[in-house]
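These notes concern the structure reproduced below.
All of these numbers come straight from a predicted model, not from anything done at the bench.
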Amino acid sequence: MALSPENLHKLELPEQISNLVFSDDHHLCELQDAQRAMVLAKLKDYEEAALQKSISPIANIASPLNFNNPEAVIQAQIYICRGLLSPIRRIPLEILMVIFECHVGPQSSLKIDAVRKQTPFDLCLVCRAWRHIAINHPPLWSAPIFEMQQGEPFLQVTETHAAAIGAWLSHIGTFPWSARIKVSTWTEAARRHKEIRYKCPPHPNGDPLHHFVSPSALQGLRRLHIHLPNSPTLTTRLGTMAFPNVDSLVVEMHLSVQDSYWAGRTPPAAELPICPSLKKAVLSDVRMYRIPEHFPWGQLTHLHLAKQLPFERIVRVLRHCSSLCHGSFDHSGQQGTLSTEGSAPQGRIVLKHLTTLTFSGNLSFPYPFTGLSWPNLSHLSLKDTYEDPLQWDTYNLEFMGTLTCLQYADSGRGILPRGFVQLIKSCPLLTRLSLNAAPYDEVVSHLIFDNAQPSLPLLEELTIHLEYVSRIGENTVDCLAEMVSSRTRPFCNGCVNLKTFAICIGRLGYSEVDWRARISSALLRFNSRLNVRVVGGGCSEYLWMGPKIPALVHWDDGLFESLGMFSKFL
């Protein structure tokens, strides 16, 4: 129900109540004791009048209000008094703004093709006070989505959308904000709009973002996410526009051409946004045929490359990332030929800041990371690896001695690669280990502690995943018990006992409960020595099983956690 000051007097409310109604245009505040008593008294009078006339005090209020209807007038009087006494008025402004932020939703909720149904506009429609709070609270407006269309040579935007985004950005001011650019074709845009939309004319500076992003707003942009479906070329079509303070970038290219398209041609370098302050990047399907020279590889601290790159391209990118701390790469299993085009750093590159590495896909570690070293690497994750029967290259094993946390998950072939045995022997400092590899008996046998030839002497936390019922036998249970026994007896020479042991039994059908009971019974006698947990039904809710990323997001919006080593499962 909306009332203007001119119409409020038609309700014949006391002047004090009328003044309270329109004194809160820009803020909500709790009534003083005398004001509350006065409003309560009038509310009681109005409710008694409604009762005498058999009028429901909670009937729906029509808008616009019919002042000639006595029933509607009494209901409006009750409505206004109850509004002045509402508990919402007692909520501090700071708490109310937090509630508004929760309603709009965090920036990390912006997944691919997600519809953001809660917007600040919803809050602006409630009342004058809420509208004022929402309009003047920049965090509510700090994650706009730009709907743009494919064009040559730049992206294009409709006049209507450009005007809307310009108005949206005016509410952000100097507050740090993030932007998501969703690109579609004009045919797809026509399906979304029932009426004709006109394209903005080309901007003198080329990039269409100039139409609605002012230079001052551009200074506040901190995070940029670009989604380019069915793109025919390796370009974001943003031209030479620079984003001076963007420190986190996500680029999703879904190329419509395969690598074979470039047979006999010179593939282009990916055209990535110009971000001189960039620290964290997530790049999907950016093929890296050639390294973009303008991209600040040397200052990146976090990098995730998705959509399966050949080994040589991963190595080439790593050679440029001298400041990298956390790296994640999706490997295609192809070796390829290392390109010498461009100004790649020469000689041995020491990635002294690198502490966490994740490799997913068909990784073949027999290939040497020639010219690279990471003396401070502590966390390594190998997911869905497909290894040749070959042994690991000794060059790679030299730099595994600093590992303290390792996750190893093979491709499920049931053949234990020799590379796994080499890796275990090369990690004397390992304290946390998660394994999903078969055959289980052979895997566990390599973890049995032998005083004569101690392996993993500092291991404190161990997780083993059993996913295939055909590979579990009575000998598996005996091996598990023997391994736990060997790692919980008194040690000397600086070795430590196993403190936490978790077994995750996959969805094995009816036999799952039986195997879970057998293993639990076999390990029951060790409960006084260490923390043992046997879980079933799949381990996704208990233990981390690798980089399962439903949608590519910024590192600080959940990507970092999804690429983490271990979850708090105990």
Side-chain angles (χ1 to χ4, degrees), residues 1-106 109 114-137 139-141 164 167-168 171 194-195:
M1 179 183 65
L3 287 173
S4 65
E6 294 76 17
N7 290 332
L8 189 63
H9 74 277
K10 297 180 182 180
L11 293 179
E12 299 180 355
L13 291 168
E15 183 179 356
Q16 299 94 323
I17 293 182
S18 298
N19 293 336
L20 286 174
V21 171
F22 286 100
S23 65
D24 298 328
D25 284 354
H26 294 164
H27 68 279
L28 291 174
C29 61
E30 185 177 1
L31 299 181
Q32 299 178 4
D33 293 341
Q35 294 172 328
R36 186 182 302 106
M38 180 267 296
V39 175
L40 279 171
K42 296 305 297 183
L43 176 60
K44 182 178 179 182
D45 294 340
Y46 296 142
E47 289 179 339
E48 289 178 352
L51 183 61
Q52 293 174 0
K53 298 180 181 180
S54 300
I55 298 174
S56 172
I58 58 174
N60 292 328
I61 302 296
S63 182
L65 185 64
N66 183 3
F67 293 98
N68 296 322
N69 184 350
E71 179 178 340
V73 170
I74 291 179
Q75 290 173 341
Q77 292 168 339
I78 295 173
Y79 182 87
I80 289 175
C81 290
R82 287 181 174 177
L84 291 173
L85 298 171
S86 173
I88 195 69
R89 302 176 67 90
R90 297 194 290 272
I91 298 180
L93 181 60
E94 294 78 6
I95 302 300
L96 192 60
M97 288 190 290
V98 173
I99 295 174
F100 286 179
E101 292 177 20
C102 293
H103 169 78
V104 172
S109 66
V115 179
R116 199 178 195 188
K117 296 181 179 179
Q118 294 83 23
T119 70
F121 295 115
D122 300 332
L123 302 171
C124 293
L125 297 175
V126 175
C127 64
R128 293 180 179 87
W130 280 29
R131 181 179 183 276
H132 180 80
I133 294 173
I135 287 179
N136 293 279
H137 190 50
L140 300 180
W141 309 86
W168 182 292
H171 299 305
K194 296 181 180 179
E195 57 192 69

Between [atom1] on residue [X] and [atom2] on residue [Y], distance to nearest 0.5 Å:
X	Y	atom1	atom2	answer
Q35	M38	CD	CE	6.5 Å
F121	I135	CZ	CD1	8.5 Å
I74	D45	CD1	CG	11.5 Å
L140	D122	CG	CG	11.0 Å

Looking at every non-hydrogen atom in both residues, tell me the closest pair between [X] and [Y] and how far apart they are.
X	Y	result
Y46	I78	CB-CG1, 3.7 Å
P120	V104	N-CG2, 4.1 Å
C124	A134	SG-CB, 3.8 Å

Test side chain to side chain contact (heavy atoms under 4.5 Å, CB included) applied to [X] - qualifying residues, sequence neighbours left out:
X	answer
L85	L31, R36, V39, L40, L43
P92	E94, I95
M97	L93, I133, H137
L125	none

(message) According to side chain to side chain donor-acceptor pair (under 3.5 Å), who are the partners of Q77, at least two apart in sequence or on a separate chain?
(response) none
(request) Would you please name every residue forming a side chain to side chain donor-acceptor pair (under 3.5 Å) with N136, sequence neighbours left out? (result) H132
(message) Could you work out, with ring-ring contact (aromatic ring centres under 6.0 Å, His included) as the rule, every residue matching H171, not counting sequence neighbours?
(response) W141
(request) Return yes when atom CZ of R131 has more than 12 non-hydrogen atoms of other residues, nucleotides or ligands closer than 6.0 Å, and no otherwise. (result) no
